[in-house]
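First up is the structure itself, then whatever we jot down about it.
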Amino acid sequence: MSEEIKKEERSLNFIEEIIESDLKSGKYKSVVTRFPPEPNGYLHIGHASAICLNFGLTQDYPGYTNLRFDDTNPVTEDVEYVDSIREDIKWLGFEWKNEHYASDYFGTLYEYAVKLIRKGLAYVDDSSSEEMAFMKGTPTEPGKESSYRSRGIDENLELFEKMRNGEFPDGSRTLRAKIDMKHINMLMRDPVLYRIKHAHHHRTGDDWCIYPMYDFAHGQSDSIENVTHSICTMEFVPHRELYDWLIEKLEIYPSHQYEFARRNINYTVTSKRKLLQLVNEKQVDGWDDPRMPTISGLRRRGYTPESIRDFCDRIGVAKRENLVDVGLLEFCVREHLNKVALRRMVVFDPIKVVITNYPVGKDEVLHTENNPEDKSTGERELLFSNELFIEKDDFMEEPPKKYFRLSPGKMVRLKGAYIIQCDEAVKDETGKIIQLNCTYIPESKSGSDTSGIHVKGTLHWVNAKTAIPVEVREYDRLFKVEDPTDEEGDFKDYLNPASLNIVNTAMAEPELANAKFAERYQFLRKGYFCLDKHTSETRMIFNRTVTLKDAWAKEQKR
RNA sequence: UGACCCAUGGUGUAAUGGUAGCACUACUGAUUUUGGUUCAGUCAGUUAAGGUUCGAAUCCUUAUGGGUCAACCA
């Protein structure tokens, strides 16, 4: 019975179905996938989907996954990106079997190109890129053949070798596949295979001055690595025909390409070009700015690998256009952090509370749980005395209906401590409330309450004497609109000017002085937080990962 | 005025010719020393029109809508 239920719960995505069918039919005994980033930017949440898919497949089925850097364009690529990509994948919790680089195959790829020339299936074209573009036709009009298309094999061989030897300047010639200039698929209209770029490559240095195009590197690398299922996004669907054609003509291992729809998330952008722009134009504090949808940004923000993997699982894999609600990502991280975050109290915007019936100078040690969801995390000490801070927002002189917090004559519990009653709001000469005079109920001590008093509100607080100042950074969505790329004008016009709010007035309970970078915290009633990398000896900075769900804020909006 | 891909609640995703389900969101209520958590419940969907069939979200046709393709980027 339980097995039956399990079977029902586990529904396969279309790629898993293909794999199960291939395994069942005996087409493959095991599967080989690869994650093929180009090292020209940092990985983002969209890549996380592809990573979880490719690596997840070989966790569920026999086989393995390679990491392969698609580094065929030296002018945009850099080792900085290689390093960050490796780090991000590891952090997400995945291990690759082999680490490869398309650039490792440059020699083989060159041989493949020669083979194609010998078969009369590739030629050197002296046309300029403008001429080529002009002769390529349009989606509705056929292209025209280049006059260089009929060059003899020997001449092509010789010219290609000269290209390789650096005898021609950038852009002067290309190697093209000889397919069909009238093909309905534009990619089959004699696609460029090699171009001349006298550029320094991050791995091969100055060994090469010709570099293969994506279409002449990706599928071939898949083939060299015996990748069985080469998974990419939908925009590569038209490339599949060329992918298959090249493998067939080269007579190499037949990898197969399968496409799924990239995952889009609202209120952000996931395009390396746009993210790079935000970084270069200093709209954000680098690739790992906590507002960025990059893996490193999410990490700095306090997201956990578990929550990101869970998110990827939940949104699934399909072929249709989509715009996933970022609220789901937030749900996933709240769910995980609720289980693991240590509870602490931090008052962001303090107002002083004086307990008038509590002895001046007396200190009392109280105990409260570190995490009610995980008793194994034990308890910590709180120091109670007559002067405390609470949140300004937690007091209202004239409260609206359903306000459970403090107001004149009303009682609330201070978390882990006593019930207090507000007797007087002390104001300065301008009428601003500067202090609350309260009395506490001695019998209401947390854990041994015999007062019989029931209060609806419980507030977080800190001891005025021992609290430590900390900086808190609150983040909101980076963009004001759901899909910035779908709006008129520049996407940057839709940046949310309030995406970062720095709180300089926060006072934290002293326990937080021991905060660790690896630890996650829930500031009671405020949200989940973690230490930011800019924290120094003299200043602790906390990033807000996500707020807590806030039923009261919702109530107020009505 | 081409080719290709796609179309299920607000969002994401299942149902593989046989009871349209799950999750998020929203909304009720219960519990609660976090207006958190937890628990119970409610609202809400097959783009349209034909056809095949005992039976269609599923197969066929057409329409509609969305996406992709004219980089010496990947």
Side-chain angles (χ1 to χ4, degrees), chain A residues 8-9 11-13 17 36-38 40 70-73 75-77 125 127-129 132-134 136-143 170-176 183-187 189 191-197 210-211 213-215 217-218 232 234-241 259 261 263 266 272-273 314-332 334-335 338-339 343 345 368-369 372-373 402-405 412-417 419 444 446-447 449 454-460 522-527 547-555:
Chain A
E8 261 177 64
E9 282 174 350
S11 63
L12 303 177
N13 65 48
E17 280 179 8
E38 183 189 11
N40 67 345
D70 239 339
D71 55 350
T72 57
N73 185 5
V75 299
T76 57
E77 295 156 7
D125 194 334
S127 308
S128 69
S129 69
M132 248 194 257
F134 180 73
K136 193 137 193 178
T138 71
T140 54
E141 297 163 299
D170 286 8
S172 61
R173 284 175 172 81
T174 57
L175 182 73
R176 293 228 261 168
H183 202 108
I184 199 74
N185 181 350
M186 301 266 314
L187 282 155
R189 321 241 262 229
V192 171
L193 266 23
Y194 264 95
R195 77 284 215 190
I196 302 171
K197 268 182 199 280
I210 57 171
Y211 292 93
M213 299 287 290
Y214 166 84
D215 287 303
H218 198 102
C232 61
M234 294 293 284
E235 62 267 31
F236 291 96
V237 169
H239 291 253
R240 189 175 61 230
E241 195 169 10
E259 311 86 9
R263 320 314 294 182
N266 60 10
K272 280 196 273 187
R273 206 196 95 250
R314 285 172 186 265
I315 61 182
V317 176
K319 299 180 87 148
R320 77 180 85 134
E321 193 68 13
N322 61 82
L323 186 61
V324 182
D325 193 338
V326 68
L328 184 61
L329 217 206
E330 294 175 344
F331 165 82
C332 291
R334 279 193 192 104
E335 187 176 61
N338 177 48
K339 293 189 190 109
R343 272 54 172 177
M345 292 197 281
T368 189
E369 71 270 352
E373 304 290 320
K402 295 195 205 168
Y403 187 79
F404 305 152
R405 282 108 103 139
V412 293
R413 171 169 295 281
L414 295 179
K415 173 68 184 178
I419 292 173
S444 68
S446 185
D449 186 347
H454 175 74
V455 293
K456 289 207 91 168
T458 300
L459 308 184
H460 62 282
Q522 184 197 102
F523 293 174
L524 248 57
R525 304 206 300 140
K526 285 294 189 181
T547 60
L548 255 28
K549 268 171 64 178
D550 191 344
W552 172 240
K554 208 177 275 178
E555 177 73 30

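In the text below, chain A, chain B and the rest are named by the order of the sequence lines, each starting its count at 1.
The two atoms that bring M213(A) and Y194(A) nearest to each other are CG-N, 4.3 Å, heavy atoms only. When every heavy atom of K136(A) is checked against every heavy atom of M186(A), the shortest pair comes out as CE-O, 3.4 Å. The two residues R413(A) and V455(A) make their nearest non-hydrogen contact at N-CG2, 3.6 Å. Heavy atoms only, all atoms of each residue included: E335(A) and R314(A) are closest at OE1-NH2, 3.3 Å. Shortest non-hydrogen contact noted between R176(A) and R189(A) is NH1-O, 3.7 Å.
Nucleotides U68(B) and U52(B) are separated by 32 Å at their C1' atoms, to the nearest Å. With both ends at atom C1', the span from G10(B) to U25(B) equals 7 Å, rounded to whole Å. One C1' atom belongs to A40(B), the other to G45(B), and the distance between them is 24 Å to the nearest Å. U46(B) and C6(B) have their C1' atoms separated by 15 Å, with the value rounded to a whole Å. If you take atom P in G21(B) and the same atom in A57(B), they sit 13 Å apart, rounded to whole Å. Rounded to whole Å, the separation between the P atoms of U11(B) and A48(B) comes to 15 Å. Distance noted for atom C1' between U42(B) and G36(B): 23 Å (whole Å). On the P atoms, U58(B) is 43 Å away from C72(B), given to the nearest whole Å.
With N185(A) contributing its side chain and P238(A) its backbone, the two residues share a donor-acceptor pair below 3.5 Å. No donor-acceptor pair closer than 3.5 Å links the side chain of R525(A) to the backbone N or O of L548(A). For the pair N40(A) (side chain) and E77(A) (backbone), a donor-acceptor distance under 3.5 Å is absent. Of the possible donor and acceptor atoms, none in the side chain of R195(A) sits under 3.5 Å from a partner among the backbone N and O of T174(A). A donor-acceptor pair under 3.5 Å links the side-chain atoms of R263(A) to the main chain of I315(A), judged by distance alone. Judged purely by atom type and a 3.5 angstrom limit, K549(A) has no side-chain atom pairing as donor or acceptor with the backbone of R334(A).
Using a 4.0 Å heavy-atom distance criterion, T368(A) is classed as making no nucleic acid contact. Here V75(A) lies out of heavy-atom contact (under 4.0 Å) with every strand. Counting any heavy atom pair closer than 4.0 Å across all strands shown, S127(A) reaches a base atom.
For the pair E259(A) CD and A74(B) P, the computed distance is 18 Å after rounding to whole Å. The distance between atom CG of N322(A) and atom P of G9(B), rounded to the nearest whole Å, is 13 Å. Following rounding to the nearest Å, L193(A) (CG) and A74(B) (P) show an atom-to-atom distance of 12 Å. Distance, N13(A) CG to A15(B) C1': 15 Å, rounded to whole Å.
At least one side-chain nitrogen or oxygen of R320(A) sits closer than 4.0 Å to the OP1 or OP2 atom of U13(B). Phosphate proximity of U37(B) to K339(A): absent, as no side-chain N or O sits under 4.0 Å from OP1 or OP2.
With respect to the salt-bridge test (charged N to carboxylate O, under 4.0 angstrom), the residues K415(A) and E369(A) qualify.
Contact of H183(A) with A3(B) (side chain to base): no donor-acceptor pair of N or O atoms is detected under 3.5 Å.
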Footprint string (nucleotides 19-36 of chain B, 5' to 3'): B base within contact, S backbone only, - free, heavy atoms under 4.0 Å = ----SSSSSS----BBBB
Sequence-aligned protein contact record of nucleotides 62-71 of chain B, with B where the base is within under 4.0 Å of a protein heavy atom and S where only the sugar-phosphate is = -----S-SB-
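Ring centers of H239(A) and Y214(A): under 6.0 Å apart, within the cut-off.
Along RNA chain B, the nucleotide closest to I315(A) and the one closest to T72(A) are compared, and the more 5′ of them pairs with I315(A).
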ask   = Which dot-bracket string describes RNA chain B (Watson-Crick N1-N3 plus N6-O4 or O6-N4, or G-U N1-O2 and O6-N3, all under 3.5 Å; [ ] crossing; | other strand)?
value = .((((((..((((....[..)))).(((((.......)))))....(((((..]....))))))))))).....
